[in-house]
Amino acid sequence: MLIAATLLLATGCATNETQIKEVLQKNPKIIFDVIAENPEQFVEVVNRAAQAAQKKHYEKQVAEMRAEQEANLKNPKKPKLNEERRLSGDSKGKIVIVEYADFQCPACRMAAESLNRFKDKYRGQVQFYYKHMPLDFHKMAYPAALYFEALKLQSRERALKFFARVYDRQGEMSSEAFLRDTARQVGADLKKLQQDIGSEKVKQIIAEDMAEFQQFGFTGTPVILINGVVLYGAQKVEELERVAKLTGAL
């Protein structure tokens with residue numbers, strides 16, 4: 001509005017798009033002067049525009065995800081699962097959750113918090129599987145995945161404790177010393193752990209998870225599957241419940 005009023009003064013009634021463009025090209029100082037004289041109003045307008053754009057983008061993403069979920073109900077995603085990969089929950093639970101995540105991803109930490117609340121609320125009804133997609137730009141994500149899977153060979157309980165502590169202290173994870181210390185705190189057999197970290201079995205588990213993630217066409221973490229229906233990003237408990245209900249598991 002401020003710029004439009006200034007243009008009216010500068011060009012009279014010459015306010016069609018071509019004329020405005022010509023005026024601004026010849027006199028760009030017009031815009032800068034208006035901004036300098038009305039900084040608060042300018043910032044307010046820009047913020048409103050940015051918020052409107054963000055809202056529109058979010059609504060588009062939600063609509064696209066809901067459409068994909070409807071398709072998933074007819075043709076669910078079918079990740080490779082076995083009892084060894086179950087991290088927590090009841091093996092007979094009707095709500096099968098598979099998460100593809102990165103231990104250094106902030107959104108994955110947020111997702112873990114919501115998933116924990118959901119699992120607590122529906123204890124006995126959920127079986128939870130954690131799969132790996134360590135991103136290249138998170139330098140500690142792959143080593144953390146190696147430690148986790150090596151610990152899981154020792155016991156599911158130790159791996160689950162490691163899982164929780166790494167996410168709780170994610171901001172402190174800057175070196176392998178952090179991972180070793182965390183493993184020690186959860187009661188790991190450190191000698192066996194060092195052997196298993198470099199084993200082909202552990203590396204293959206992670207490689208297969210990453211390949212499966214890419215085969216499904218996923219691009220970012222976290223991705224959560226509930227009975228084969230996809231959710232992208234960290235989600236509120238209510239959204240996890242909505243999708244579980246869609247599949248008939250709740």
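Between the side chain of R156 and the backbone N or O of S88 there is no donor-acceptor pair closer than 3.5 Å. Using a distance-only test at 3.5 Å, with no hydrogens or angles considered, a donor-acceptor pair links the side chain of K131 to the main chain of K80. Panel note: side chain R85, backbone Y130; a donor-acceptor pair is recorded below 3.5 Å. Side-chain N or O atoms of D102 include none that pairs as donor or acceptor with a backbone N or O of A141 at under 3.5 Å. A donor-acceptor pair is defined here as one N or O able to donate and one able to accept, closer than 3.5 Å; no such pair exists between the side chain of E99 and the backbone of I224. In this structure a side-chain-to-backbone donor-acceptor pair under 3.5 Å is missing from D90 to Q125. Not a single donor-acceptor pair under 3.5 Å links the side chain of E176 to the backbone N or O of P143. In this structure a side-chain-to-backbone donor-acceptor pair under 3.5 Å is missing from N38 to Q41. No donor-acceptor pair closer than 3.5 Å links the side chain of R86 to the backbone N or O of Q127. The main-chain N or O of I205 is never found under 3.5 Å from a side-chain atom of E149 such that the two would form a donor-acceptor pair.
Rounded to the nearest 0.5 Å, atoms CG (L160) and CG (L151) are 11.0 Å apart. For the atom pair CD of Q214 and CG of D209, the computed distance is 11.0 Å after rounding to the nearest 0.5 Å. In this structure, OG1 on T221 lies 6.5 Å from CZ on F213, to the nearest 0.5 angstrom. The CD atom of E157 sits 9.5 Å away from the CG atom of L87 when rounded to the nearest 0.5 Å. Interatomic distance, CG of D189 versus CD of Q195, reported as 8.0 Å (0.5 Å rounding). For the atom pair CG of L193 and CZ of R158, the computed distance is 10.0 Å after rounding to the nearest 0.5 Å.
The shortest side-chain heavy-atom distance between L146 and K203 falls under the 4.5 Å cut-off. Taking 4.5 Å as the limit, every side-chain heavy atom of Q235 sits out of range of all side-chain heavy atoms of S114. Between M140 and L179 the shortest side-chain heavy-atom distance falls below 4.5 Å. The shortest side-chain heavy-atom distance between I226 and I95 falls under the 4.5 Å cut-off. Between N72 and L246 the shortest side-chain heavy-atom distance does not fall below 4.5 Å. Contact of the Q69 side chain with the L231 side chain is registered, since non-hydrogen atoms from C-beta on lie closer than 4.5 Å. When side chains are defined from C-beta on, M173 counts as touching V166, because their heavy atoms get closer than 4.5 Å. Contact annotation: the side chain of C108 approaches that of Y167 to within less than 4.5 Å [non-hydrogen atoms, C-beta and beyond].
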Checking K245 against E241 for the salt bridge (charged side-chain N to carboxylate O under 4.0 Å, His left out) test, could you report, in this order, the C-alpha distance in whole Å, the side-chain angles of both residues, the deciding distance, and whether it holds?
CA-CA 6 Å; K245 289 175 182 176; E241 289 174 328; 5.4 Å; no
How far apart are the C-alpha atoms of E70 and R66, what are their side-chain angles, what is the distance that settles it, and do they pass the salt bridge (charged side-chain N to carboxylate O under 4.0 Å, His left out) test?
CA-CA 6 Å; E70 290 297 326; R66 294 283 174 90; over 6 Å; no
Could you check Y142 against H132 for side-chain contact (heavy atoms from CB on, under 4.5 Å), going step by step and ending with a plain yes or no?
CA-CA 9 Å; Y142 185 73; H132 304 280; over 6 Å; no
Go through the steps for F178 and T182 under the test side-chain contact (heavy atoms from CB on, under 4.5 Å), then give the verdict.
CA-CA 6 Å; F178 169 88; T182 303; 3.7 Å; yes
Checking ring pair (Phe, Tyr, Trp, His ring centres under 6.0 Å) for the pair F118/F128: CA distance, chi angles, key distance, verdict?
CA-CA 11 Å; F118 181 86; F128 176 64; over 10 Å; no
Evaluation steps, salt bridge (charged side-chain N to carboxylate O under 4.0 Å, His left out), between E239 and R117:
CA-CA 12 Å; E239 183 64 7; R117 290 196 295 272; over 6 Å; no
What's the verdict on side-chain contact (heavy atoms from CB on, under 4.5 Å) for E68 and K77, showing C-alpha distance, side-chain angles and the deciding distance?
CA-CA 11 Å; E68 185 173 354; K77 303 287 187 187; 4.2 Å; yes
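Between E113 and R109 there is a salt bridge, with a side-chain nitrogen of the basic residue lying less than 4.0 Å from a carboxylate oxygen of the acidic one. One finds a salt bridge joining D181 and R184 here, because a Lys/Arg side-chain nitrogen approaches an Asp/Glu carboxylate oxygen to under 4.0 Å.
In this structure, F218 and F216 have tilted ring planes: the angle between them lies in the 30° to 60° band. In this structure, F163 and F148 have tilted ring planes: the angle between them lies in the 30° to 60° band. Classified by interplanar angle (parallel below 30°, tilted 30° to 60°, perpendicular above 60°), the ring pair F162/Y147 is parallel.
More than 12 heavy atoms of other shown residues, nucleotides or ligands fall within 6.0 angstrom of atom CD in E83. Within a 6.0 Å radius of CE in M210, more than 12 heavy atoms belonging to other residues, nucleotides or ligands are found. Counting non-hydrogen atoms of neighbouring residues, nucleotides and ligands closer than 6.0 angstrom, the NZ atom of K161 reaches no more than 12 such neighbours. For D136, the CG atom is loosely surrounded, since the number of other residues' heavy atoms within 6.0 Å does not exceed 12. Heavy-atom neighbours of K78 NZ from other residues, nucleotides or ligands within 6.0 Å: at or below the threshold of 12.
Closest approach of A234 to A111, counting heavy atoms only: CB-N, 3.7 Å. V243 and V229 get closest at one heavy-atom pair: CG1-CG1, 3.7 Å.
Criterion: ILVMFWY side-chain heavy atoms under 4.5 Å apart, direct or through other members. Under it, V237 and V230 are part of a common hydrophobic cluster. The cluster map of Ile, Leu, Val, Met, Phe, Trp and Tyr, joined by side-chain heavy atoms under 4.5 Å apart, puts M110 and V223 in different clusters.
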